[in-house]
Trainee: 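First the structure, then my questions, so here it is.
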Amino acid sequence: MTDCVFCRIAAGEMEPRIILETESVLAFHDLNPVAPQHALVIPRRHIATLDDTAPEDREVLGDVMLAGAEVARKLELEKKGYRTVMNCGHGGGQSVYHIHLHVLGGRNLSWPPG
Ligand code: AMP
Ligand code: ZN
């Protein structure tokens with residue numbers, strides 16, 4: 001059994017609140033939301049960080065971004081706007097080392113982020 005929590009979710013060993021599933025990605029509500037709406041999109045395949053990606057990951061990275069937009073529409077965030085974020089590494093605020101796109105909305109999001 002893997003100790004990667006998002007691989008375990010992708011393998012169906014845990015039951016997050018799923019928003020959408022495709023052949024290559026999975027989207028679900030974040031366990032500890034930091035906005036009224038806070039979803040995560042993960043590739044089913046393990047990739048630790050954005051820095052570990054290569055040109056051959058182009059398709060799955062595209063799938064993650066497109067799923068992010070679809071999730072935002074499903075959560076009705078598209079009219080008011082929302083933010084997508086992929087934290088990379090310790091200094092970037094990454095805590096789970098399986099890439100994931102945060103989709104945040106439902107309140108005004110300030111810039112720059114903390
Ligand atoms: P990051 O800090 O960018 O790596 O984001 C990791 C995110 O994963 C955090 O927002 C956590 O709340 C979220 N998270 C961790 N474990 C789970 C889980 N089992 N189900 C849903 N979200 C999770
Ligand atoms: Zn993983």
Side-chain angles (χ1 to χ4, degrees):
M1 187 173 70
T2 172
D3 60 3
C4 172
V5 65
F6 290 171
C7 278
R8 293 182 63 192
I9 286 175
E13 292 171 16
M14 297 170 74
E15 295 188 357
R17 292 167 57 215
I18 299 283
I19 300 167
L20 73 85
E21 288 187 75
T22 73
E23 206 177 297
S24 60
V25 307
L26 195 59
F28 49 88
H29 291 277
D30 196 291
L31 202 56
N32 294 112
V34 297
Q37 297 287 4
H38 185 174
L40 300 174
V41 183
I42 66 168
R44 290 185 183 275
R45 175 165 61 84
H46 183 88
I47 303 172
T49 81
L50 189 60
D51 188 53
D52 295 302
T53 57
E56 48 271 30
D57 299 312
R58 181 180 291 118
E59 189 172 341
V60 73
L61 289 171
D63 290 347
V64 167
M65 290 305 295
L66 289 169
E70 195 177 336
V71 164
R73 286 189 291 271
K74 278 191 176 238
L75 299 178
E76 300 184 338
L77 299 175
E78 79 282 9
K79 282 205 181 74
K80 285 198 170 166
Y82 59 92
R83 182 170 297 162
T84 56
V85 177
M86 191 178 284
N87 296 326
C88 181
H90 178 70
Q94 186 173 4
S95 61
V96 176
Y97 282 76
H98 177 134
I99 61 170
H100 47 282
L101 186 72
H102 294 261
V103 181
L104 301 150
R107 66 171 166 84
N108 288 327
L109 298 159
S110 61
W111 192 263

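Atoms within each ligand, like the ligands themselves, are counted from 1 in listed order. Computation of the quantities below employed the complete heavy-atom set of this structure, encompassing side-chain atoms and omitting hydrogens, waters and symmetry-equivalent molecules. Because the structure is a prediction, the values reported are computed rather than measured.
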Trainee: Counting non-hydrogen protein atoms only, what is the nearest one to atom 5 (O) of ligand 1? Give residue, atom name and distance.
Mentor: H100 NE2, 2.9 Å
Trainee: Heavy atom to atom 3 (O) of ligand 1, shortest distance: which of H102, H29, Q94, H38 holds it?
Mentor: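 It is H102 whose heavy atom sits nearest to atom 3 (O) of ligand 1.
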Trainee: Tell me the angle that SG of C4 and SG of C7 form around the Zn ion (ligand 2), rounded to 10°.
Mentor: 120°
Trainee: Geometry only, no angles: is G93 polar-contacting ligand 1 at N/O separations under 3.5 Å?
Mentor: yes
Trainee: With heavy-atom distances below 4.0 Å as the criterion, list the atoms of ligand 1 near N32.
Mentor: 12 (O)
Trainee: Where does S95 meet ligand 1, judged by heavy-atom distances below 4.0 Å: at the side chain, the backbone, both, or neither?
Mentor: both
Trainee: Near N87, which atoms of ligand 1 are under 4.0 Å from a heavy atom of that residue?
Mentor: 3 (O)
Trainee: Can you tell me how far apart CG (L75) and CD1 (I19) are? Round to the nearest 0.5 Å.
Mentor: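 Between L75 CG and I19 CD1, I get 4.5 Å after rounding to 0.5 Å.
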Trainee: Using a strict 4.0 Å threshold on nitrogen-to-oxygen distance, state whether E23 and R44 make a salt bridge.
Mentor: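 The answer is no: the pair does not qualify as a salt bridge.
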Trainee: Check H98 and report its N/O/S atom nearest to the Zn ion (ligand 2), by atom name.
Mentor: ND1
Trainee: Using heavy-atom distances, let me know which of L40, I42, D30 sits nearest atom 11 (C) of ligand 1.
Mentor: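 Selected option, by shortest heavy-atom distance: D30.
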Trainee: What pair of heavy atoms forms the shortest contact from V60 to P43, and how long is it?
Mentor: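 Heavy atoms of V60 and P43 come nearest at CG2-CB, 3.7 Å.
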Trainee: Hey, is CE on M86 packed in by over 12 heavy atoms from elsewhere, all under 6.0 Å?
Mentor: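 Yes - once you tally the heavy atoms of other residues, nucleotides and ligands closer than 6.0 Å, there are more than 12.
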Trainee: So with a 6.0 Å cut-off around CD of E76, is the heavy-atom count from everything else above 12?
Mentor: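 Not more than 12 within 6.0 Å, no.
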Trainee: Considering only heavy atoms of M14, which atoms of ligand 1 have at least one such atom less than 4.0 Å away?
Mentor: 19 (N)
Trainee: Between H98 and H100, is the ring centre distance below 6.0 Å?
Mentor: no
Trainee: Where do A69 and Y82 come nearest, in terms of heavy atoms and distance?
Mentor: CA-OH, 3.7 Å
Trainee: What is the name of the N/O/S atom of H46 that is nearest to the Zn ion (ligand 2)?
Mentor: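 When I compare the N, O and S atoms of H46, ND1 is nearest to the Zn ion (ligand 2).
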Trainee: Residue-level breakdown please: for V34 versus ligand 1, do any non-hydrogen atoms fall below 4.0 Å on the side chain, on the backbone, on both, or on neither?
Mentor: neither
Trainee: Which bit of Y97 is near ligand 1, meaning a heavy atom under 4.0 Å away: side chain, backbone, both or neither?
Mentor: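 Contact part for Y97 vs ligand 1: neither.
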Trainee: Have a look at ligand 1 and work out which part of L31, if any, has a heavy atom under 4.0 Å from it: side chain, backbone, both or neither.
Mentor: both
Trainee: Return the residue, atom name and 0.1 Å-rounded distance of the protein heavy atom closest to atom 16 (N) of ligand 1.
Mentor: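 Nearest protein contact, heavy atoms only, for atom 16 (N) of ligand 1 is F6 CE2, 4.2 Å.
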Trainee: Which atoms from ligand 1 have a heavy atom of V96 less than 4.0 Å away?
Mentor: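 Counting from 1, the qualifying ligand atoms are 4 (O), 6 (C).
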